[in-house]
Structure formats: C-alpha cells, structure tokens
Enquirer: 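Before anything else, here's the structure in question.
Position 1 is the first residue of the sequence, and the numbers go up from there. What you see below is based on every heavy atom in this structure, not just the backbone, and it leaves out hydrogens, waters and symmetry mates.
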Amino acid sequence: MSESIEHLKRLLDACSTEELVALRDYLKDRLPKHALESEWGVSSDIILSAISRSNDLTKRGVRGIIAEAILEREVLTGLAGWAVVEFSDDRPYDFLIRSDATNVRIQVKLQRRRQQQAMFASQANRHFPGDMYVVEVQKTRGGIDPKTGEDTRPYRFGEFEILAVNMHPSTNDWHQFRFTVANWLLPRYEDQSLIEIFQPVSREPNEFWTDRIETCLEWLDTGKQKRILDIAPELLERRNRPRRNR
C-alpha cells in the first residue's frame, strides 16, 4: 500500500493545476460526503464560500466553533482518566468532563482580535500589562432573564471551572491553548459575582496560565485561591477602560 501511495504522489507532483483540480472533483464524487454536506444538501465548497462572504460576527462565531472542535479532538478525547459527557441543551459552558464522581465544566474562548490582529491586554484596559494578550469572556448575545430582570450576557463565577483560550490569533496555530482556573479570573468592579469581560492572557505558560489541561486540573484540585493578575479592583472600573474607536 505504501509503495502505491508513493507512486501516486509522484504522479500527482507531475500534474498541472488544472489536472489536480479535475482529480479533486473526481475524488470528491468517489469519497463519502461529510455529514453536514448530506444534512444541508450542499457541497463543502459552497459552505466555505458562504462563510467567506459573511460578516465579521459570523466569522468570529465560526472561528470559535473551530476552537471548540480542536479542543475536543486534540485535548479532551483520550484525556487519561476523563470522559467527555455529551449534552445538547444550552449551558454556560462548552464541555463537561467526568472522572469518577468529579465533574469539570470547561468554557472555550478564542483569543480576542482587533482589526484582524491579536489584541493586547493594554488595549482593553490601560492598566493591564502591555506584554500580555486578552480574551473576551462574555456571551456573544445578550438578553434579559424574565424571572430576575438581569443581563444574561455576563458569566458568573461558579458557572464553569476551567477557561480554555485558543491562541490562534497570535500564534497562527489552532492547537495552542492556555488554560486557567475560572475562579482565578478577574471579577467585575461593579459586581464581584460576575467575571470581568476582558481577561489578560500570558503569552507563555506561567503560574496562572498553562498550555496543558492536565496541569490546570491539578491546580483546580488544590483549591488554591489566586487572581491571574495583581491589580487594584478600582482599576477595573469602566471609566478606566479605553473608549472604543468610532
């Protein structure tokens, strides 16, 4: 089989672009379709073209889903001693993993971008370090809870245990993540039960951010109380944040 593959590769290397396109179309007809192509009754090329011409908000949503898919496939699947628990309802976390009687909820976010570039922490709050990046930790769409009248867009402490940040915007590598314990995140100045919208993220692993979920699970198990940044609470007040460009 390997000799046949190598022979085919040599033949393909000798093909023109037009010939390769024709072969691609031929193989697409021969190979099984992706489940989404069958469900929607349209080819993957059309789906990608539709995403390409969509607005920035839609693309951000798709990029976020890509980050989730990679975390599930590359990190959570096969995580020693843990199993991914499936669910279909809307929850304030993206993944639930279980080990014996222990459940851990994981929220996945994509590192924030501004003007198609990785956003630095100091662009979100001038008191954040200039050598750190930033992640936006709030729901994409807001709303009002009909029972309490409260804004449903913010995340609350206790809704998930681990924050996983995909670092693709700065690394151009979808497989790079930073993990931290959710209770170590910065609280909002106005309401300490809510998680601050912008959280500074370290470029390199340190004592607050790790690139291994196993390490983060160990941190979580210790029950230690920390903050990812030593900053006075009043510096998180909204008047200290840079105004958005208009």
Enquirer: Given salt bridge (Lys or Arg N to Asp or Glu O under 4.0 Å), test Arg105 with Asp94 step by step and report yes or no.
Expert: CA-CA 7 Å; Arg105 299 164 294 179; Asp94 298 307; over 6 Å; no

Enquirer: Whether the Arg114 and Gln117 side chains hold a donor-acceptor pair (N or O, under 3.5 Å, no angle test) is what I'd like checked.
Expert: no

Enquirer: Sequence neighbours left out, what pairs pass side-chain hydrogen bond (donor to acceptor under 3.5 Å, both in side chains) with at least one residue falling in residues 46-58?
Expert: Asn55-Thr58

Enquirer: Locate the shortest heavy-atom distance separating Trp219 from Asn206; write the atom from each residue and the value.
Expert: CH2-O, 3.5 Å

Enquirer: Without swapping roles, check the side chain of Thr180 against the backbone of Trp209 for a donor-acceptor pair under 3.5 Å.
Expert: no

Enquirer: List in chain and number order the residues that pass salt bridge (Lys or Arg N to Asp or Glu O under 4.0 Å) with Arg227, two or more places apart in sequence or in another chain; answer none if no residue qualifies.
Expert: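 With neighbours one apart ignored, the set is empty.
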
Enquirer: Minimum heavy-atom separation for Asn103 and Glu161, please, with both atom names.
Expert: O-OE1, 4.2 Å

Enquirer: Given 3.5 Å as the limit, does a donor-acceptor pair link the side chain of Gln225 with the main chain of Trp184, or not?
Expert: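 Checked: no pair found.
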
Enquirer: Of the non-hydrogen atoms in Tyr93 and Glu159, which two are nearest, and what is the gap between them?
Expert: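 What the structure gives for the nearest pair is CD2-O, 3.5 Å.
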
Enquirer: Given side chains that start at C-beta, do those of Leu76 and Ile213 come closer than 4.5 Å, heavy atoms only?
Expert: yes

Enquirer: Side chains of Arg188 and Gln192: closer than 4.5 Å at any heavy-atom pair?
Expert: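 The answer is no, as the side chains (C-beta and beyond) never meet within the 4.5 Å cut-off.
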
Enquirer: How long is the span from the CG atom in Leu185 to the CG atom in Leu163, to the nearest 0.5 Å?
Expert: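 Answer rounded to 0.5 Å: 5.5 Å.
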
Enquirer: For the pair Glu37 (side chain) and Ser44 (backbone), establish whether a donor and an acceptor sit closer than 3.5 Å, ignoring hydrogens and angles.
Expert: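 Confirmed, Glu37 side chain pairs with Ser44 backbone.
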
Enquirer: Measure the shortest side-chain to side-chain distance between Pro187 and Phe157 over non-hydrogen atoms and say whether it is less than 4.5 angstrom.
Expert: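 Result yes, sub-4.5 Å side-chain heavy-atom pair found.
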
Enquirer: So does Lys226 have more than 12 non-hydrogen atoms from other groups sitting under 6.0 Å from NZ?
Expert: yes

Enquirer: At what distance, to the nearest 0.5 angstrom, does CZ of Arg63 lie from CG of Leu110?
Expert: 5.0 Å

Enquirer: In Å and rounded to the nearest 0.5 Å, what is the CZ to CG distance from Phe177 to Asn166?
Expert: 4.0 Å

Enquirer: What about Val181 and Leu96, same hydrophobic cluster or not, with Ile/Leu/Val/Met/Phe/Trp/Tyr joined at side-chain heavy-atom distances under 4.5 Å?
Expert: yes

Enquirer: Please say which of Lys109, Lys139, Gln138 ends up in a side-chain hydrogen bond (donor to acceptor under 3.5 Å, both in side chains) with Tyr155.
Expert: Lys109

Enquirer: Any donor and acceptor pair, going by atom type alone, linking the side chain of Thr210 with main-chain N or O of Thr215 inside 3.5 Å?
Expert: no

Enquirer: Please confirm whether the backbone N or O of Arg203 pairs with a side-chain atom of Arg178, one donor and one acceptor, at under 3.5 Å?
Expert: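 At least one qualifying donor-acceptor pair exists.
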
Enquirer: Find the distance between OG1 (Thr222) and CG (Leu217) and round it off to the nearest 0.5 Å.
Expert: 11.0 Å

Enquirer: Looking at Lys9 and Glu6, is there a salt bridge between them, counting it only when a charged N and a carboxylate O are closer than 4.0 Å?
Expert: yes

Enquirer: Please check if the side chain of Ser16 supplies one atom and the backbone of Glu19 the other of a donor-acceptor pair under 3.5 Å.
Expert: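 Yes.
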
Enquirer: What residues, two or more places apart in sequence or in another chain, satisfy side chain to side chain contact (heavy atoms under 4.5 Å, CB included) together with Arg73?
Expert: none

Enquirer: Using the rule ring pair (Phe, Tyr, Trp, His ring centres under 6.0 Å), only one of Phe198, Phe128, Tyr133 pairs with Phe120; which is it?
Expert: Tyr133

Enquirer: Salt-bridge test for Arg212 and Glu214: reply yes if a basic N is under 4.0 Å from a carboxylate O, no otherwise.
Expert: yes

Enquirer: Within 45° of the axis and under 6.0 Å from the centre of the six-membered ring of Phe87, does NZ or CZ of Arg91 qualify?
Expert: yes

Enquirer: Examine distances only and state if a side-chain atom of Gln199 and a backbone atom of Glu196 form a donor-acceptor pair shorter than 3.5 Å.
Expert: yes

Enquirer: Step through the shown structure and confirm whether more than 12 heavy atoms of other residues, nucleotides or ligands are within 6.0 Å of CG on Asp90.
Expert: no

Enquirer: Once you round to the nearest 0.5 Å, how far does CG of Leu79 lie from CG of Leu71?
Expert: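 Here the interatomic distance stands at 9.5 Å.
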
